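Basis for what follows: all heavy atoms, side chains included, without hydrogens, waters or symmetry-related copies. Throughout, protein chains are lettered first and strands after them, A, B, ... in sequence-line order, and every chain is numbered starting at 1. Quick caveat, the model's predicted, so the values are computed rather than measured.
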Number of protein chains: 2
Amino acid sequence: MNKKKHRIILVEDSADLGYLLSEYLSMKNFEINWFINGISALKNLESNKYDLAILDITMPDMDGFSLAEQMKERFPELPFLFLSARSLKVDVLKGFYLGAVDYLKKPIDEEELVIRIENLLNRLNSEKRVEEDICHFKLGQFTFNSLNQELSFNDEIFHLTTKESELLHYLVLRQNMLCSHKDILIKLWGNNDYFNKKSLNVFITRLRKYLEKDSAISLDNVHSQGFILRIEK
Amino acid sequence: MNKKKHRIILVEDSADLGYLLSEYLSMKNFEINWFINGISALKNLESNKYDLAILDITMPDMDGFSLAEQMKERFPELPFLFLSARSLKVDVLKGFYLGAVDYLKKPIDEEELVIRIENLLNRLNSEKRVEEDICHFKLGQFTFNSLNQELSFNDEIFHLTTKESELLHYLVLRQNMLCSHKDILIKLWGNNDYFNKKSLNVFITRLRKYLEKDSAISLDNVHSQGFILRIEK
DNA sequence: AAGTCTATTAACTTTTCATTAAACATTATT
DNA sequence: AATAATGTTTAATGAAAAGTTAATAGACTT
């Protein structure tokens, strides 16, 4: 699954630096929109969503501080950081006072900028992350919740053990495909020795016992190859 | 309501700077514990909860990077930042790579340090608060007020202890979902060691005792995984 | 200083579950 | 057809995990 690009809005009046950063951050897989003044940036924000704003401070018309104030007022969800040559203590303090997530002093090393941004976005994102991994399956007449390790058939709920659930999960993801002993054992047991193969058979039997309630499902052996979870459609 | 002091653990081998920072941050209304090496800091973390760790890098015995690695492993909820005289790009990158929330170069202006810390903690907190704001629940036939730590069943009111309430709150927010030992322990105890797991079991038993009055509620164990608070609908 | 409240630790019992064993069945090879 | 290899199923085992109750120790109150 390919990760969604993070969107960054950059407000920087210097053509050189603006171009440089746009190019570099694009290369680093960010989607970046660059504006050379606050007015146009604010305009754009009305119809676009970003994950982060990077603001220069010294700019004609509207400086970065005023821009930040307006952004905070109108788009309070958007985190922003300052990137400025002004390194006086008073400026840094003002930046943070306004609620910046960081204050970086020019000249900034591009790699450091990227890793700071990545860290920042990861942290902001991870809070939002809900366990929406693939864990909920429809399996013929069954429902399988691999997170809770529950297999349901109508009203009945079977509480699977961890290994049962892991195995079923593995097979479901590869339904109607041959899964070799070797791959299963390596993935779920960490190696593929003789005794674990015996163990695998025991678990196959157990899963069959659950699944036999639905005749459209079968868990078949392919001699000396592996198993296939077949589901008729 | 008066704001709870934020707790900071400082690991810094220089007596001068350690003392200076301890004093200054205390004055700024932080509760700060200062350790002169990683070993003693790790030891202390086992039984104390902090909101932030500030780590020096150049230290005898265990350097700040190794310390950070171990902290990340054992106390993954604790955010940390580096405060170091090592300003080489490679060090900064390594610091962020390890997951630091910031990397500050000595000499650091105390005011800037404080405002950076305050901003950081504010952000970290506001992200957490989202779920902590919800404090009033209907739970089968029970009502649960996590703010007052009260669990009510008809006219009966059970006054829960802090830990009981925290645990129930955690589980209620994730009802009908498997909550792993690890996540519970890290969130509520700050780490996940053997003895806290024992402690968790004791609290599970207590909660069950309250909840058994409503047969539509069950607090089930999933062997070697965690617990599920199930509420029939 | 005594008393209360509460989290942790201890001591002990019960349950769970992956593995192993064993008996039997099927498929492949000679 | 005989033998070997592989697969199926049920049951036994033992170690780890979970449950329960009680004791302990530390913080806070009075």
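- Under the salt bridge (charged side-chain N to carboxylate O under 4.0 Å, His left out) criterion, A:Asp220 pairs with A:Arg230, sequence neighbours left out.
- Among the protein residues, B:Phe227 comes within range of the sugar-phosphate backbone only, with heavy atoms under 4.0 Å from sugar or phosphate atoms but none that close to a base.
- Across the protein-nucleic acid pair, A:Asp193 atom CG and C:dA18 atom P stand 17 Å apart, rounded to whole Å.
- For the side chain to side chain donor-acceptor pair (under 3.5 Å) test, no residue two or more places apart in sequence or in another chain qualifies with A:Thr143.
- When the nearest nucleotides of DNA chain C are assigned to B:Val202 and A:Val202 by heavy-atom distance, the more 5′-ward of the two goes with B:Val202.
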At under 4.0 Å between heavy atoms, how does the protein contact nucleotides 22-30 of chain C? Give one character per nucleotide, 5' to 3', with B, S or -. -----SS--
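- Counted within 6.0 Å of CE on B:Met27, heavy atoms from surrounding residues, nucleotides or ligands total more than 12; the atom is thus considered enclosed.
- For A:Phe153, the ring pair (Phe, Tyr, Trp, His ring centres under 6.0 Å) partners two or more places apart in sequence, or in a different chain, are A:Phe142.
- One atom, CG of A:Asn201, and another, P of C:dT19, lie 13 Å apart when rounded to the nearest Å.
- In terms of the salt bridge (charged side-chain N to carboxylate O under 4.0 Å, His left out) criterion, B:Asp61 has no residue partners (sequence neighbours excluded).
- Nearest-nucleotide assignment on DNA chain D puts the 5′-proximal partner with A:Gln225, out of A:Gln225 and B:Leu219.
- Judged as a ring pair (Phe, Tyr, Trp, His ring centres under 6.0 Å), the pairs with a partner in residues 29-70 of chain B (not counting sequence neighbours) are, in order, B:Phe65-B:Phe82.
- Shown here are the side chain to side chain donor-acceptor pair (under 3.5 Å) partners of B:Lys197, two or more places apart in sequence or in another chain: there are none.
- For B:Glu112, the salt bridge (charged side-chain N to carboxylate O under 4.0 Å, His left out) test picks out A:Lys105, B:Arg116, with sequence neighbours left out.
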What protein N or O atoms touch nucleotides 5-7 of chain C N or O atoms at under 3.5 angstrom, if any, and at what distances?
{"unit_1": "C:dA7", "atom_1": "OP1", "unit_2": "B:Thr161", "atom_2": "OG1", "d": "3.4"}
{"unit_1": "C:dA7", "atom_1": "OP1", "unit_2": "B:Thr162", "atom_2": "N", "d": "3.4"}
{"unit_1": "C:dA7", "atom_1": "OP1", "unit_2": "B:Lys163", "atom_2": "N", "d": "3.0"}
{"unit_1": "C:dA7", "atom_1": "OP2", "unit_2": "B:Thr161", "atom_2": "OG1", "d": "2.6"}

List, one per line, each side-chain donor-acceptor pair under 3.5 Å for residues 203-210 of chain A, sequence neighbours excluded.
{"unit_1": "A:Thr205", "atom_1": "OG1", "unit_2": "A:Asn201", "atom_2": "O", "d": "3.1"}
{"unit_1": "A:Arg208", "atom_1": "NE", "unit_2": "A:Leu219", "atom_2": "O", "d": "2.8"}
{"unit_1": "A:Arg208", "atom_1": "NH2", "unit_2": "A:Leu219", "atom_2": "O", "d": "3.1"}
{"unit_1": "A:Tyr210", "atom_1": "OH", "unit_2": "A:Glu164", "atom_2": "OE1", "d": "3.3"}

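- Counting non-hydrogen atoms of neighbouring residues, nucleotides and ligands closer than 6.0 angstrom, the NZ atom of A:Lys182 reaches no more than 12 such neighbours.
- Contact footprint of chain B on DNA chain D: nucleotides with an atom under 4.0 Å from a non-hydrogen protein atom, first to last in 5' to 3' order, D:dA17 to D:dT21.
- Applying the salt bridge (charged side-chain N to carboxylate O under 4.0 Å, His left out) rule to B:Arg86 yields the partners B:Asp91; only residues at least two apart in sequence or on another chain are considered.
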